[in-house]
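Fair warning: this is a prediction, and the values are worked out from it, not measured in the lab. First the proteins, then the strands, lettered A, B, ... as listed; each starts at 1. Both backbone and side-chain heavy atoms feed into the values below; hydrogens, waters and symmetry mates do not.
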Amino acid sequence: MSRIWETPGGIHPPANKRQSLSLPIDYPELPERLVVPLDQHGGRPCRACVEVGQQVLKGELIGVVDGPLGAAVHAPSSGTVTAIEPRPAGHLSGRPARCIEIAIDGLERWTSRQRVADYCQMSAPQLVDRIAQSGIAGLGGGGFPTATKLTTSGHPPIATLIVNATECEPYVTADESLMRERADEIIQGIDILAHIHGNRARMVIGIEQSKPEALAALRTACAKSAVEIVEIPRKYPSGGERQLIYALTGKQLPSGEIPANIGVLCINVATVYAIKRAVIDGEPLISRVVTVTGGACATQRNYQALIGTPIKHLLRHSGVNNNRLNQLIMGGSISGFKLPSDEVPVVKTSYCILAPDIDEFAPAPPERACIRCGRCAEVCPASLLPQQLLWHAKAANHQQLEEHNLFDCIECGACSYVCPSHIPLVDYYRAGKVHLDAARQVKSNAAQARQRFEFHQLRLARLEREQSLRRAARRSAAVPSNAPRAPVARLSSADIIADAQNRAASKQPTVEQTLDKLQRNISMLQNRLELAEQRLVAASDDTLNKQNSLRAAVEGARQKLQRAEQRLTEQAHG
Amino acid sequence: MMSPASSLAHSGQSTDNIMHWVLLATLPGGLALTWQFGWGVPLNVLLCSLCALACEAMALRLRGRPVGFHLRDCSALVTAVFLGLALPPLVPWWLVAIACSCSIIIAKQLYGGLGNNPCNPAMVGYATVLLCFPEEMSRWLTPQALLPEDLYQPGLWQSIHLVIGGGDLIDGITGATPLEVLKHKTGLMIEQVYASEPVFYRASWAGAGWEWVNLGFLAGGLLLLRKGIFSWHAPLMMLVSLSLMALFYWDAGSSASHGSPLFHLFSGASMMGAFFILTDPVSSATSIRGKLIYGAMIGVLVFTIRSWGDYPDALAFAILLANFAAPTIDRYAAPRAFGHSAQRNGVPPKEDQ
């Protein structure tokens, strides 16, 4: 039995998992329409590569990755694209996301699937590429593109491969049911991951002790494999990435770093399953296991739901009694968030839909003042001081928020759970993070602007220097017109007249002189045009007004230059 | 904006509940006080409670806050009970009123009410009247354990009469507390003091009457510890540091000794302070390490002021001084956050170059 390190903090809320585990995973009947968001993952939203009215097949690529980070989106079933537009999405921000709506034909016609008999013949980059093509993103809720996570370059080799099977959040049983029923495929997925990392890594499944059936299934499945199964005590949030890595390896992931930096790869068990389906069966990520639970449901169970299935459809399937429904929660009872409507679709990161009965949770009493009792600090898995963070978040004291490590908060909600004053602490921290981010942005913008300004000054000074050098060179080359004049005081009037006549004659420019002058003029104007254009480029992200005036300056310089050139040609021909 | 469900599932603990438990836990100590010092104790508590609730309601009204909602958190009542138990029995009513209004209005509501007061309100009120009316405040009754067989503490009606301001206390009913007796031992050895003073030779182990009062508060405190109302860190450290100080200056019971650890633990307001005043979360240090430092600091201060100061007991001043230090302690005693190699120690993060 491997050693387990005890993580700080944590709570033991009622698990409430049994009710959704009495029935096996069900395949609900197809909905009429699927609404597939283009933004279901870390990174930028995908770009739709289909058009309204186009026929799509099951598993066909409909959204391509747009940017360095992303996960492709595929049609979960065959049908016709009926709309590509913003729709309400199950996202914490509450912002609508661009979605592709597919009216499905019910025929489930697959696009061509490439099955792989022996993935061991494939190289690591080929396998990672296949996973990227399949649009796999972290199914544990993070949604981070898995292919990016699996990239083997840029960090030390992976020494420990952790499969996160803790599923510590109350009510959620999606991973547990998956492990009970499809343990073999999960182990195959782990083997693929091990193969990608050269079969050198220690492979560990971290699972809570409270899942005996899942444990038994996994044990049977990996009897002949090198995969280790480590039971950890039930505690929320034992499934936090940092917490699990510490519990299994004793390594604290340094703040702000990713697990790969310390040679650890941590992947959710459902993601591992999706990897197996993608690599061996050639199925892109178009469905996932979702728990539909809560007292308002007549049947509480897990569904293998197509991505894009409206939650309404699943709720109807579960016989939700709308008269008894308290509120709709995406996620579990502690870190989940309220959904604005039941039109929201299932996405890659939706592991649970909680439809509690009105009596299931006591309504939250009004928030009282924080008495700094410190219970939150006792349960904080990141060893922060939530009571101090609250104080500084309310005062918008950014420096103190940063010094109290606000960004190490994993928003698990353990503090809110125990707070005797019923303060929604996590809400304050989320808002605090947004403000802190904004303040950092302002700071970095200011630094950038300062840098740009300094560079601009430098360039102006350089131009000035160059110009003065050129001028001096010209001056020394020209007739010594600036030579000191002889004193005029004692000259006679005739001399003066003769002198004036001489000067007038010398002032009459020769053709060469004119040409030279015009040429100088042109080179000066060219310089000015160049400068104006540079300024315009430098100011490309400034306000429109400033851009317009700079553009006008460029145009003015260009016209002057044209005129000068015109005169030069006239002069030369004349 | 979707609202997170951070208040959906809850442990079921509440601030009101904490306050109720604290109030309940003062019962053993309060009853012991009443047993030893008579009706003056419940009268103090009653007067304080009425006054505190009135002050709190008035202040909340002036501040435009919902009166009923905030009164129901029972925090004013807790302050009142602590103050009532700390004041000497049978002090005049106006003294109680001044102490109470200082506690609630100045120390608590002027700073923004519950959760925002930098100092323990009960101790602010107590210290104010101790500084302003030292005579009334140092007049403690003789505990029942020391009264002659035919003499009893004043009855209820007589007590009310005395509090309202009619008449003086009968001689023989007031007496020096064990702390005062030991302080004014004038060159005697501890053994001699223990042999000559009834407050010691008629006591079971520390000081007649007071030992039972402290035992009562200890019992209440242990109940709260068991219920998880507060953590053991600050109270234990205070008792430990107080004992260590006493041990260090014990001097084998010579004429220079300041009393044994046992004597200090069970005298004056030691136990009440350790378990009821020290553990006021609002004004104390908040991290685990901070609580340890805070408790130790109070233990040292209590012994210092008791031994070399001019006041009968030292708890109020020790607590107030530590209250002032609490924010600084918190800043430097913050725990090392998970995934950080060192505690930040209040040092701003390094600027990214």
Side-chain angles (χ1 to χ4, degrees), chain A residues 7-8 11 13 91-94 170 242 246 252-257 327 329 331 333-340 356 361-362 364-366 368-375 377-378 381-385 387-388 399 402-405 408 413 416-422 424-427 430, chain B residues 1-19 66 69-70 72-73 75 112-117 228-231 233 279-288 290-291 326-327 330-331 333-341 343-349 351-352:
Chain A
T7 51
I11 52 175
H91 197 270
L92 183 61
S93 72
R242 287 164 179 275
Y246 181 70
Q252 286 195 9
L253 182 56
S255 172
E257 292 202 28
Q327 54 191 331
I329 305 290
S333 62
I334 294 185
S335 71
F337 52 91
K338 289 173 197 162
L339 286 175
F361 297 107
R368 285 199 183 278
C370 168
I371 56 166
R372 294 160 41 95
C373 65
R375 265 150 230 241
E378 276 165 35
S383 302
L384 305 178
L385 291 175
Q387 70 276 47
Q388 301 291 83
Q399 193 194 338
E402 225 162 320
E403 283 171 29
H404 281 88
N405 305 313
D408 285 304
S416 311
Y417 179 78
V418 296
C419 180
S421 292
H422 295 274
L425 290 155
V426 177
D427 298 4
R430 284 198 184 117
Chain B
M1 175 77 192
M2 296 179 202
S3 47
S6 46
S7 54
L8 185 64
H10 196 270
S11 59
Q13 289 169 318
S14 75
T15 308
D16 314 5
N17 211 300
I18 291 177
M19 299 291 178
F69 173 72
H70 286 293
R72 268 198 299 277
D73 66 25
S75 61
L114 178 65
N116 297 302
N117 44 304
I229 302 296
F230 50 71
S231 70
H233 305 85
T279 51
D280 162 27
V282 177
S283 56
S284 76
T286 187
S287 60
I288 299 283
K291 282 176 185 167
D330 272 340
R331 195 170 162 87
R336 181 180 64 82
F338 194 75
H340 284 265
S341 53
Q343 178 218 337
R344 275 196 173 165
N345 263 338
V347 182
E351 286 281 319
D352 295 323

Let's test your reading of the structure: which of A:Gly256, A:Ala377, A:Ser421 forms the most heavy-atom pairs below 4.5 Å with chain B? A:Ser421

Could you tell me which of A:Gly374, A:Pro356, A:Ala382 has the largest number of non-hydrogen atom pairs under 4.5 Å with chain B? A:Ala382

For A:Pro365, is it the side chain, the backbone, both or neither that has a heavy atom under 4.5 Å from a heavy atom of chain B? neither

Proximal component of A:Glu257, with respect to chain B [non-hydrogen, under 4.5 Å]: neither

Tell me, for B:Ile18 versus chain A, whether the close heavy atoms (under 4.5 Å) come from the side chain, the backbone, both or neither. side chain

Determine the option with the most heavy-atom pairs under 4.5 angstrom with chain B, choosing from A:Gln388, A:Gln387, A:Gln252. A:Gln252

Would you mind checking which part of B:Ser75 comes under 4.5 Å of any heavy atom in chain A, side chain (CB onward), backbone (N, CA, C, O), both or neither? neither

Taking every heavy atom of A:Arg372 against every heavy atom of B:Thr286, the minimum-distance pair comes out as O-OG1, 3.8 Å

Between A:Pro13 and chain B, with a heavy-atom cut-off of 4.5 Å, which part of the residue counts as in contact: side chain, backbone, both or neither? neither

Please report the shortest heavy-atom distance between A:Asn405 and B:Ala337, naming the atom on each side. ND2-CB, 3.3 Å

With side chain to side chain contact (heavy atoms under 4.5 Å, CB included) as the test, would you mind laying out the steps for B:His340 and A:Asp408 before giving the verdict? CA-CA 9 Å; B:His340 284 265; A:Asp408 285 304; 2.3 Å; yes

Need one label for B:Asp16: side chain, backbone, both or neither, based on atoms under 4.5 Å from any heavy atom in chain A. side chain

Any donor-acceptor N/O pair, A:His422 side chain to B:Thr15 backbone, under 3.5 Å: no

For B:Phe338, which residues count as a ring pair (Phe, Tyr, Trp, His ring centres under 6.0 Å) partner, sequence neighbours excluded? A:Tyr246

Under 3.5 Å, side chain of A:Arg375 to main-chain N/O of B:Gly228, donor-acceptor pair present? yes

Side chain proximity check, A:Phe361 to B:His10, heavy atoms < 4.5 angstrom: no

Tightest non-hydrogen contact, residues B:Ser231 and A:Glu378, listed as CB-OE2, 4.4 Å

Between A:Leu385 and chain B, with a heavy-atom cut-off of 4.5 Å, which part of the residue counts as in contact: side chain, backbone, both or neither? side chain

Do A:Arg368 and B:Leu114 have side-chain heavy atoms sitting under 4.5 Å apart? no

Gap between atom CZ of B:Arg336 and atom CG of A:Leu384 - 0.5 Å precision: 12.0 Å

Heavy atoms of A:Cys373 and B:Pro281 approach each other most closely as CA-CB, 3.7 Å

When heavy-atom pairs shorter than 4.5 Å are enumerated against chain B, which of A:Leu253, A:Thr7, A:Ile371, A:Ile11 gives the highest number? A:Ile371

